[in-house]
Asker: 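If you scroll down you'll find the structure; I have some questions about it.
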Protein chains: 2
Amino acid sequence: MSIQERRERERTHRHRLIVKTARELAETEGWEAVTTRRLAERIEYSQPVLYSHFAGKDAIVTAVALEGFEELAGVLSRARASAVTPAEALTAAARAYTDFADANPALYDAMFTLTTDLPFGRPDSPAPLKAAFGELLAACTSAAGDRDAETFTEVAWSALHGLVTLARGGRLRTEQRDQRLGLLVGQLLAAPGRP
Amino acid sequence: MSIQERRERERTHRHRLIVKTARELAETEGWEAVTTRRLAERIEYSQPVLYSHFAGKDAIVTAVALEGFEELAGVLSRARASAVTPAEALTAAARAYTDFADANPALYDAMFTLTTDLPFGRPDSPAPLKAAFGELLAACTSAAGDRDAETFTEVAWSALHGLVTLARGGRLRTEQRDQRLGLLVGQLLAAPGRP
DNA sequence: TCCAATGGCTAGCGCTGCTAGGATAGCGTC
DNA sequence: GACGCTATCCTAGCAGCGCTAGCCATTGGA
């Protein structure tokens, strides 16, 4: 009884160790350095052990991504708590989002570039995904005015995501980062023109 | 003399064949299906032949990406030619951009997700890159008003890129595609608010 | 006619994600 | 206390990856 409990505990501990190690390895050496062999070596177990915890390497990346969404939701939540006006809320969320992405590039890659099988916007979506998008929605809703809040949120989110990914690939002038963010938020807060 | 010319011609023909085949294979079966072995089989040559044309697989992807930027520049140019007012120009460019990305998903991936070594916004940038960004800049400049044209273009481009990539990953509601694009263009055309 | 050189091929290296099968350790039962 | 059973983990290996060394044939020039 107690022994089984201990084993259970050790298993979940090792489970977390795998995810944590994968994330660290990715953040320090890039995802291309995260191979099952290297990962196994780091956690000081043999390779097949990974497959007793995860269906495959993709599942490990997905686990890291989920962790990322959880943290992103937290970051956005704190940003929202610090804001009073709708404009402040949107500004704070935008800054929090891009800061998060810049501070955790490999994590962000896991969330948006490497992972394709996470079901978004569905009833069976994992809680962290719902939480993260919910925070974005909350930050955007008040600023949306008479525009559809969800569509507005999708657009704002896309714009932030685009800024992050294009900047990452060296596609944008690095020193203009803040100007771009300011311009974007300004446009989102503006009364819409006729397209 | 003439024989060398013939050889030269055959070489450039095979060079184009490699790029074309890689692109086709990627578009029909995805980039993960584009392996050097399969590619060699398709062009009916042995594997090492690829390496007499390109430094490695990455270089082949880059070649495909460059082709993409060339075509994107053309698409944007035609969109701009059909527009009269600044608002029309921006709207047409946005539609052309997203249509291009949706119609050529693998090509778009090569341009923005798989390729990391293309130097952007530099004097030594390849011509197609300059052309594509130049077209975007042209479409945005008139709509930028008193905002900095280049920064405005970077933001607009990022927003479009974000819309494309998030939609691709199933992150956005597919049926709202046009609403999002309309809302985005409307916001970009609006007189900016204070962030 | 012979030599040199070029161009393409076969074979193989080290790596990848993943898995089959054997060894080992600890459980419940006699 | 000794047994068999089960669960756990490891060694070894598979197929496929990007890439390269070294050989062979064909061809152009002396």
Side-chain angles (χ1 to χ4, degrees), chain A residues 1-19 21-23 25-26 28-65 106 109-110 113-117, chain B residues 1-19 21-23 25-26 28-65 106 109-110 113-117:
Chain A
M1 192 59 174
S2 163
I3 288 173
Q4 283 196 353
E5 284 178 5
R6 192 208 66 215
R7 292 214 166 147
E8 194 76 15
R9 238 182 305 128
E10 286 175 351
R11 254 196 87 78
T12 65
H13 173 259
R14 200 172 55 182
H15 191 98
R16 291 207 196 103
L17 179 63
I18 293 172
V19 177
T21 308
R23 178 175 171 178
L25 196 50
T28 55
E29 304 184 35
W31 277 108
E32 74 280 357
V34 183
T35 70
T36 55
R37 278 171 233 276
R38 232 181 304 227
L39 192 50
E41 195 187 356
R42 286 276 183 113
I43 66 169
E44 295 178 320
Y45 280 95
S46 74
Q47 229 182 335
V49 166
L50 301 174
Y51 295 89
S52 76
H53 286 271
F54 299 93
K57 194 193 165 186
D58 289 354
I60 299 177
V61 178
T62 301
V64 174
D109 277 346
T113 316
L114 304 175
T115 295
T116 55
D117 55 347
Chain B
M1 193 59 173
S2 162
I3 288 173
Q4 284 196 354
E5 282 178 7
R6 192 207 69 215
R7 291 214 166 146
E8 194 76 16
R9 240 184 302 129
E10 286 175 353
R11 254 195 88 79
T12 65
H13 174 258
R14 199 172 56 184
H15 191 98
R16 291 207 195 102
L17 179 64
I18 293 172
V19 178
T21 308
R23 177 175 171 177
L25 197 50
T28 55
E29 303 183 36
W31 277 108
E32 74 279 356
V34 182
T35 69
T36 55
R37 280 171 232 275
R38 232 182 302 228
L39 192 50
E41 195 187 357
R42 286 276 182 113
I43 66 169
E44 296 179 320
Y45 280 95
S46 75
Q47 227 183 338
V49 165
L50 301 174
Y51 295 88
S52 75
H53 286 273
F54 298 95
K57 195 193 166 186
D58 288 353
I60 298 176
V61 179
T62 301
V64 173
D109 277 346
T113 316
L114 303 175
T115 295
T116 55
D117 56 347

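Here is the naming used below: chain letters follow the sequence lines, and residue numbers restart at 1 for every chain. Treat the numbers as computed from the prediction; the structure is a model and nothing was measured.
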Asker: Do you know the tightest heavy-atom contact between A/His53 and A/Arg11?
Answerer: CE1-O, 3.2 Å
Asker: Begin with the C-alpha distance, continue with both residues' side-chain angles, and end with the deciding distance and a verdict on side chain to side chain contact (heavy atoms under 4.5 Å, CB included) for A/Arg37 and A/Ser46.
Answerer: CA-CA 8 Å; A/Arg37 278 171 233 276; A/Ser46 74; over 6 Å; no
Asker: Between A/Lys57 and B/Pro48, which residue's closest nucleotide on DNA chain C lies nearer the 5′ terminus?
Answerer: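 Final value for this comparison: B/Pro48.
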Asker: For A/Phe54 and C/dT19, give me the distance from atom CZ to atom P, rounded to whole Å.
Answerer: 15 Å
Asker: Taking all non-hydrogen atoms of both residues, which atom of A/Ala33 and which atom of A/Leu25 are closest, and how far apart?
Answerer: O-CD2, 4.0 Å
Asker: What is the separation between atom CD1 on B/Ile60 and atom C1' on D/dC17, rounded to the nearest whole Å?
Answerer: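 Atom-to-atom, B/Ile60 to D/dC17, this comes out as 14 Å.
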Asker: Take the protein atom CZ of B/Arg9 and the nucleotide atom P of C/dG7, then report the distance between them rounded to whole Å.
Answerer: 16 Å
Asker: What's the CG-P distance between B/Leu50 and C/dT10, to the nearest Å?
Answerer: 14 Å
Asker: Using whole Å, report how far NE2 of B/His15 lies from P of C/dG8.
Answerer: 14 Å
Asker: State, to 0.1 Å, how close A/Trp31 and A/Lys57 come at their nearest heavy-atom pair, and which atoms those are.
Answerer: O-NZ, 4.4 Å
Asker: Using a 4.0 Å cut-off on heavy atoms, which residues in residues 31-41 of chain A reach DNA chain C? List them by number, or say none.
Answerer: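 Heavy-atom cutoff 4.0 Å gives A/Val34, A/Thr35, A/Thr36, A/Arg37, A/Arg38.
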Asker: Do the side chains of B/Glu29 and B/Arg42 get close enough for a salt bridge, i.e. N-O under 4.0 angstrom?
Answerer: yes
Asker: Give every pair of a protein N or O atom and an N or O atom of nucleotides 21-23 of chain C that lie under 3.5 Å apart, one pair per line with the distance.
Answerer:
none

Asker: Where the side chain of B/Tyr51 is concerned, which of D/dC19, D/dC10, C/dT10 is the nearest nucleotide?
Answerer: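 Between D/dC19, D/dC10, C/dT10, the one nearest the side chain of B/Tyr51 would be D/dC19.
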Asker: How close do A/Ala110 and A/Thr115 get, counting heavy atoms only, and between which atoms?
Answerer: O-OG1, 2.7 Å
Asker: Under 3.5 Å, is there an N or O donor on one side and an acceptor on the other linking the side chain of A/Gln47 and the base of D/dC10?
Answerer: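 A donor-acceptor contact between them is absent.
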Asker: Please check if atom CD in B/Glu41 has more than 12 non-hydrogen atoms from other residues, nucleotides or ligands closer than 6.0 Å.
Answerer: no
Asker: Within this structure, what is the OH-to-C1' distance between A/Tyr45 and D/dC10, rounded to whole angstrom?
Answerer: 12 Å
Asker: Search all heavy atoms of A/Leu50 against all heavy atoms of A/Thr36 and return the closest pair with its distance.
Answerer: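 The pair with the smallest heavy-atom distance is CD1-O, 3.5 Å.
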Asker: When the distance from CD1 of A/Ile18 to C1' of D/dC9 is rounded to whole Å, what number comes out?
Answerer: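 A/Ile18 atom CD1 is separated from D/dC9 atom C1' by 13 Å.
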Asker: If I take atom NE2 in residue B/His53 and atom P in nucleotide C/dC9, what distance separates them, rounded to the nearest angstrom?
Answerer: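 It works out to 11 Å between those atoms.
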Asker: Please find the pair of heavy atoms, one from B/Leu39 and one from B/Ala22, that lie closest to each other, and give the distance.
Answerer: CD1-N, 3.6 Å
